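Whatever order the structure lists them in is the order used to number ligands and atoms, beginning at 1. Keep in mind that what you see is a predicted model, and the values were worked out from it rather than measured. All residue numbers in this chain count up from 1 along the given sequence.
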Amino acid sequence: MKRLEQRILEDGVMEGEDVLKVDSFLNHQMDVGLFAEMGKEWARLFADDHVTKILTIEASGIGIACVVAQQFGVPVLFAKKNKTKNIAGEVYSAQVESFTHGRVYDIIVSKKFLGPGDRVLLIDDFLANGAALQGLIKLVRDSGATLVGAGIAVEKAFQPGGDLIRSMGVRVESLARIKAMSSKGITFCD
Ligand code: 5GP
């Protein structure tokens, strides 16, 4: 999506070799006009998939996912980063290794809100090594719901997550795919 790529070029800030900070429009301050355009694009791409639920992960996926859900007219469910143990099997859970913080945490969703009748579109802000998406995919599979695919704002295609998730047979639609980034600049996949 050209508008997103342009915004990354204008306002993205590199942190080290492989982290892109987009705090001015996506991860801290949020440009909801841009989110709406992103939502329309995913609504077009997944128009025939009868999506019943958007699933994302707290915290940074939630803002985007809400705007996307409005396009589809369905609820948003966000996986919570768990601080307590799975009580009496009331939740689906998975482990995720954080790319930006380097630690492992549990994510959970209540069994009340995800089940075999659902057709789920995953939404997240970034795809790097694919750990967050793998965790979300496990939650969907454990619930018996159907996974229609994943919508990602920014895929860092030089990292292994995109290939990994696609090799699992999951459709991944990334709106900006970064081929390379360095102090010389950022280039996108064709
Ligand atoms: P993965 O699990 O695919 O390795 O990483 C995805 C998660 O890590 C995303 O949910 C996002 O929050 C965070 N992340 C990964 N790479 C970046 C990055 O370059 N910039 C920012 N802002 N977040 C990132």
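Close to ligand 1: K156, with a non-hydrogen atom less than 4.0 angstrom away. Ligand 1 lies nowhere less than 4.0 angstrom from a heavy atom belonging to V22. Not a single heavy atom of G161 lies less than 4.0 angstrom from ligand 1. Contact annotation: L26 has no heavy atom less than 4.0 Å from any atom of ligand 1.
Residue contact check: S60 has heavy atoms under 4.0 Å from atoms 12 (O) of ligand 1. Each of the atoms 18 (C), 19 (O), 20 (N) of ligand 1 lies under 4.0 Å from some heavy atom of V19. Heavy-atom contacts of A132 reach the following atoms of ligand 1: 2 (O) (cutoff under 4.0 Å). Near A131, meaning under 4.0 Å from any of its heavy atoms, are these atoms of ligand 1: 1 (P), 2 (O), 3 (O). The ligand atoms of ligand 1 that sit less than 4.0 angstrom from a heavy atom of D124 are 9 (C), 10 (O).
Protein heavy atom in closest approach to atom 6 (C) of ligand 1: F126 O, 3.5 Å.
Within the structure, side chain to side chain donor-acceptor pair (under 3.5 Å) pairs that include any residue of residues 108-123 comprise T52-D118 (at least two apart or interchain).
Between L20 and ligand 1, a contact under 3.5 Å exists for at least one N or O pair. Close N/O approach between A128 and ligand 1 is found [any backbone or side-chain N/O within under 3.5 Å].
Taking each heavy atom of F126 and I152 in turn, the nearest pair found is C-CG2, 4.0 Å.
With values rounded to the nearest 0.5 angstrom, L121 atom CG is found 8.5 Å from D49 atom CG.
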Listing, residues 33-47 side-chain donor-acceptor contacts under 3.5 Å, not counting sequence neighbours, or none:
residue : atom : partner : partner atom : Å
E37     : OE1  : R3      : NH1          : 2.5
E41     : OE1  : R44     : NE           : 3.1
E41     : OE2  : R44     : NH2          : 2.8
W42     : NE1  : E173    : O            : 3.1

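Among D125, N27, I165, the residue whose heavy atom lies nearest to atom 12 (O) of ligand 1 is D125. Within the set V154, D18, T100, the minimum heavy-atom distance to atom 13 (C) of ligand 1 is found for T100.
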